[in-house]
Amino acid sequence: MATNDLLRDAAERAIRYLEGLDARGVAPTPAAISGLERFDEPLPAGPSDPAATLRLLDEVGSPATTAMAGARFFGFVIGGSLPVTLASNWLAGAWDQNTGLYRPTPGTAHLEQVALRWLLEILRLPPGCGAGFVTGATVANFTALAAARHAVLARGGWNVEADGLFGAPPITVVIGSEAHPSVTKSLGLLGLGRTRVVAVPVDGQGRLRAEAFPDVVGPTIVCLQAGNVNTGAFDPIGAICRRVEGTGAWVHVDGAFGLWAAAAPSRAHLTAGIERADSWATDAHKWLNVPYDCGLALVRDPHALKAAMAITAEYLPTQNDQRNPADFTPELSRRARGVEVWAALRALGREGVAELIERNCAQARRFAERLAAAGGEILNEVVLNQVLVAFGDAATTKRVIEAIQAEGTCWAGITVWQGRTAMRISVSSWATTDADVDRSVEAMIRVARGVLPPR
Ligand SMILES: *Cc1c(COP(=O)(O)O)cnc(C)c1O
């Protein structure tokens, strides 16, 4: 009984938290942050009432959160959680399935397969792809690039999993100079080196310049980007894929949020030719709006991914005719990440996903138009869900952003784009309405006018 009461109490507290998001500031108050000191207790000597632990978590923890689950958080391209995905997450949490292997966890392993089939369809990728449901796009980049490393060396007869990189034929790695740092970090983790790369120059939107792309020979991995984290711009992926065709080069695409453009009719042109690549990384916890953490490594040749990731041991009940999730991921024990992806896709359907992506893109343009009309300088072509806006010089723009974050109606982050300091607005939440955009723009303009010298 105590367990049921505890779980009901948690659900009620969570619901109250979500209901309160609209009325509170997006950033936590300084008082809420100082309140975190209440967590700094000595390690308890013995057990106590679990209800008291939950109460403390809510009373101290909830106010010290940023309202990322709300409608007016525009930082980091991350989105919130669709209600059906949060609810499914709660249920799957109760299941507590260690979804590494099919046989002991058939329900969650099966849902992962269905989610994968639907994902490939909605992202317009080859239906036979292998996939790892991992923690996010960083690990998805790492996982897909491990498959790439395996494949380009295996072609020359080198088994990198068995023999490592010492003495292996060198691999040329080509990236755009605006590649996301998670790509270079992954290259470092894989022994390929964060900076031992050929970095191709980019244009003013951060797109790799196709005419500057080098001729490639020998084992080569090319890392392209669908959706620059500042501008939302896409590398010329189709053109580069055609360019390296027949060379044996492996093309990987980091599409943490940009891959979802394929699901929206008016944005799908941005991803033209992307299906010719060999691997793709994306997030579900960004634009698909599922809870953390959930990213996807998608690989055209499932055998390359499995060769890089599978492990076997006598005590692990593997079953050859079923897909074991852990054969495709760095982790062995893992939570059932496919559940929320399945729930999101099932509840939204193809049209619902398209509507979400289209709406957020239109909202980004709405931000850009209104901020420009009020004197803001828009620094990027708003092709997707990203808006970069400057309010004068770097120091002034920084002061405006800090004041906007402190005012609390909404939250957007700071960035430096090709030398210009800017506010970075990412519209990626299911919860954001046009009224939320208008309310946020009004607050931004009001706050900016208070900071800027009178015109
Ligand atoms: C967010 C992002 C990543 C990293 O994703 P995580 O889910 O934070 O690991 C990688 N690449 C791009 C382009 C991104 O936007």
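Numbering starts at 1 and runs along the sequence shown. In each ligand, atom 1 is the first atom listed, and ligand 1 is the first ligand listed.
- By the 4.0 Å N-to-carboxylate-O rule, Arg243 lies close enough to Asp215 to be salt-bridged with it.
- Judged by the shortest distance from any of its heavy atoms, Val77 lies outside the 4.0 Å radius around the atoms of ligand 1.
- Of the protein's non-hydrogen atoms, Asp283 OD2, 2.7 Å is the one closest to atom 7 (O) of ligand 1.
- If you check which protein heavy atom lies closest to atom 4 (C) of ligand 1, you get Thr138 OG1, 3.5 Å.
- Looking at Val229 against ligand 1, only its side chain comes within 4.0 Å, counting heavy atoms.
- No side-chain donor-acceptor contact under 3.5 Å links Thr231 and Trp417.
- With Arg337 as the fixed residue, the side chain to side chain donor-acceptor pair (under 3.5 Å) test singles out one of Thr329, Asp293, Thr135: Asp293.
- Protein heavy atom at the shortest distance from atom 10 (C) of ligand 1 is Ser182 OG, 3.1 Å.
- At least one N or O atom of Ala137 sits closer than 3.5 Å to an N or O atom of ligand 1.
- The protein heavy-atom contact nearest to atom 14 (C) of ligand 1 is Lys286 NZ, 2.9 Å.
- Numbered from 1 in the order shown, with element, the atoms of ligand 1 that lie under 4.0 Å from a heavy atom of Ala256 read 2 (C), 3 (C), 10 (C), 11 (N), 12 (C), 13 (C), 14 (C), 15 (O).
- The closest side-chain donor-acceptor pair between Gln97 and Thr99, if any, does not fall under 3.5 angstrom.
- Only the side chain of Phe257 comes within 4.0 Å of ligand 1, judged by heavy-atom distances.
- The CG atom of Asn360 lies 6.0 Å from the OG atom of Ser428; values are rounded to the nearest 0.5 Å.
- At a cut-off of 3.5 Å, with distance as the only test, a side-chain donor of Asp436 or Thr433 sits close to an acceptor on the other residue.
- Where the criterion is an N or O separation shorter than 3.5 Å, residue side chain and backbone included, Asp254 meets it with respect to ligand 1.
- Gly227 counts as a contact of ligand 1, since one of its heavy atoms falls under 4.0 Å from the ligand.
- Inclusion of Gln225 in the set of residues having an N or O under 3.5 Å from an N or O of ligand 1 is not warranted.
- A tilted orientation is assigned to the rings of Phe76 and Trp411, their planes being inclined by 30° to 60°.
- We find that Arg117 and Glu121 are not joined by a salt bridge, their nearest charged nitrogen and carboxylate oxygen being 4.0 Å or further apart.
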